[in-house]
Amino acid sequence: MKKSFKKLVLAAAGVVAVLALAGCSNSKTVVSMKGGKITESEYYEKMKKTTSGQSTLQTMIITKALEDQYGSKVSSKKVDAQYNKFKKTYGSSLSSVLSSNGMTKADLKENIRTNYLTEAALKANKKVTEKNLETQWKSYEPKVTVAHILVAKEDTAKDIIKQLDEGGDFTKLAKKYSTDTATKSNGGKLSAFDNTDTSLDSDFKAAAFKLKQGEYTKTPVKTTYGYHIIKMIKNPGKGKMADHKKELTKQLYDSWLQDSSVMQKVLAKVIKKANVSIKDKDLQNVLSSYVSTSSSSSK
């Protein structure tokens with residue numbers, strides 16, 4: 001998305017009290033010191049003119065609008081389930097990981113909820129069409145499982161392919177030659193991946209997807225890591241589009257969630273429906289990236 005909800009929501013947590021002070025007549029003292037004091041109203045006047053202060057207000061508006069319109073679609077149980085996945089992944093190190101990112105466990109839960117609300121808004125405001133599915137189908141590949149042997153030199157890779165052609169055992173050759181220490185002991189086997197994977201080199205994936213079950217690449221596949229020989233362990237085949245509509249739909253929504261232009265249009269609809277009226281003249285442009293100034297100004 002154009003503006004990271006995770007970052008903005010966290011920013012909101014830090015200055016939420018400040019933004020709630022607009023129009024307060026009895027301003028409390030925030031700081032007392034030699035030579036004077038800083039009041040809440042003084043702090044607000046300064047903060048509202050900063051980029052961070054305006055971003056925080058924008059986030060608060062969007063989050064409230066999302067909660068109002070789609071809150072019923074995101075249960076606490078769903079948020080807790082995702083949070084528990086994080087706990088399971090990071091274990092006892094979760095607190096330190098969060099701390100290093102300036103987050104608390106409460107912040108993480110809030111981010112998870114905001115992400116689900118944003119996803120709900122996307123699905124409500126942008127429907128998947130048959131044309132969308134057909135376009136996604138062109139790049140679709142099912143989850144496949146491969147093994148690979150990685151070496152530094154092309155000649156070495158060619159020699160290994162020759163040994164395979166002569167009946168060599170791929171697993172034994174991987175254990176003997178592969179420089180990928182993370183997979184060589186397991187015969188070079190990698191975790192299953194599909195067309196949405198972003199961790200593997202694009203040339204590696206392209207070569208892998210061409211292989212049928214049991215086949216291996218007849219020429220070395222060059223990547224920034226070196227030269228690979230890839231063997232297809234499991235390939236269910238692409239099949240027919242009609243059999244994969246659910247997967248294709250999920251891929252489309254996942255992709256759109258990361259598309260700033262798509263999400264800007266979706267959030268513009270959410271904001272319009274919220275009928276936002278900003279009373280402070282200095283903040284009337286805070287939603288200008290989503291809607292026209294006039295529509296967000298007080299009448």
In terms of heavy-atom contacts, does NZ of Lys78 have more than 12 from other residues, nucleotides or ligands at under 6.0 Å?
yes
Taking C-beta and beyond as the side chain, do Ser139 and Gln251 meet within less than 4.5 Å on heavy atoms?
no
Note: Gln58 and Val286 closest approach over all heavy atoms is NE2-O, 3.0 Å
OH-CG distance between Tyr44 and Asp282, expressed to the nearest 0.5 angstrom
7.5 Å
Is Ile229 close to Phe170 at the side-chain level, that is, under 4.5 Å between some pair of heavy atoms?
yes
Is any side-chain heavy atom of Thr217 less than 4.5 Å from a side-chain heavy atom of His228?
no
Under 6.0 Å from the six-membered ring centre of Phe193 and within 45° of its axis: does the NZ or CZ of Lys205 meet both?
no
Lys/Arg-Asp/Glu bridge criterion (N-O < 4.0 Å) met for Glu141, Lys210
no
Tell me whether Ile230 shares a hydrophobic cluster with Ile160, the cluster being built from Ile, Leu, Val, Met, Phe, Trp, Tyr side chains joined at under 4.5 Å.
no
Shortest non-hydrogen contact from Thr145 toward Met232:
O-SD, 3.6 Å
Verify, without hydrogens or angle tests, whether Asn115 (side chain) and Asn111 (backbone) share a donor-acceptor contact under 3.5 angstrom.
yes
With rounding to the nearest 0.5 Å, note down the distance linking OH in Tyr177 to OG1 in Thr156.
8.0 Å
In terms of heavy-atom contacts, Ala65 and Val270 come closest through CB-CG1, 3.7 Å
Within this structure, what is the NZ-NZ distance for the pair Lys184 and Lys176, rounded to the nearest 0.5 Å?
11.0 Å
Checking Lys238 against Trp137: charged group under 6.0 Å from the ring centre and within 45 degrees of the axis?
yes
Is it true that Lys123 and Glu119 have a side-chain N and a carboxylate O under 4.0 angstrom from each other?
yes
For the residue pair Trp256 and Tyr253, categorise the inter-ring angle as parallel (less than 30°), tilted (30 to 60°) or perpendicular (more than 60°).
perpendicular
Measure the spacing between CG of Leu190 and CG of Leu200 and express it to the nearest 0.5 Å.
6.5 Å
Answer yes or no: is there an ion pair linking Arg113 with Glu67, defined by an N-O contact shorter than 4.0 Å?
yes
Backbone N or O of Ser96 within a donor-acceptor pair of the Ser93 side chain at under 3.5 Å?
no
With the side chain counted from C-beta on, respond yes when Thr183 and His148 share a heavy-atom pair under 4.5 Å apart, and no when they do not.
yes
Heavy-atom distance under 4.5 Å between the side chains of Leu211 and Val146, does that happen here?
no
Got more than 12 heavy atoms from elsewhere within 6.0 Å of NZ, Lys158?
no
Could you tell me whether the side chain of Asp197 reaches within less than 4.5 Å of the side chain of Phe204, counting heavy atoms only?
no
Say you draw a straight line from CG of Leu267 to OG1 of Thr118; how long is it, rounded to the nearest 0.5 Å?
6.5 Å
Between CE on residue Met47 and OG1 on residue Thr56, distance to nearest 0.5 Å
6.0 Å
Does any non-hydrogen side-chain atom of Gln264 lie less than 4.5 Å from one of Tyr290?
yes
Heavy-atom check, side chain of Gln136 versus side chain of Lys245, under 4.5 Å:
no
Mark yes or no: Lys105 above the aromatic ring of Tyr83, with NZ or CZ under 6.0 Å from the six-membered ring centre and no more than 45 degrees from the axis.
no
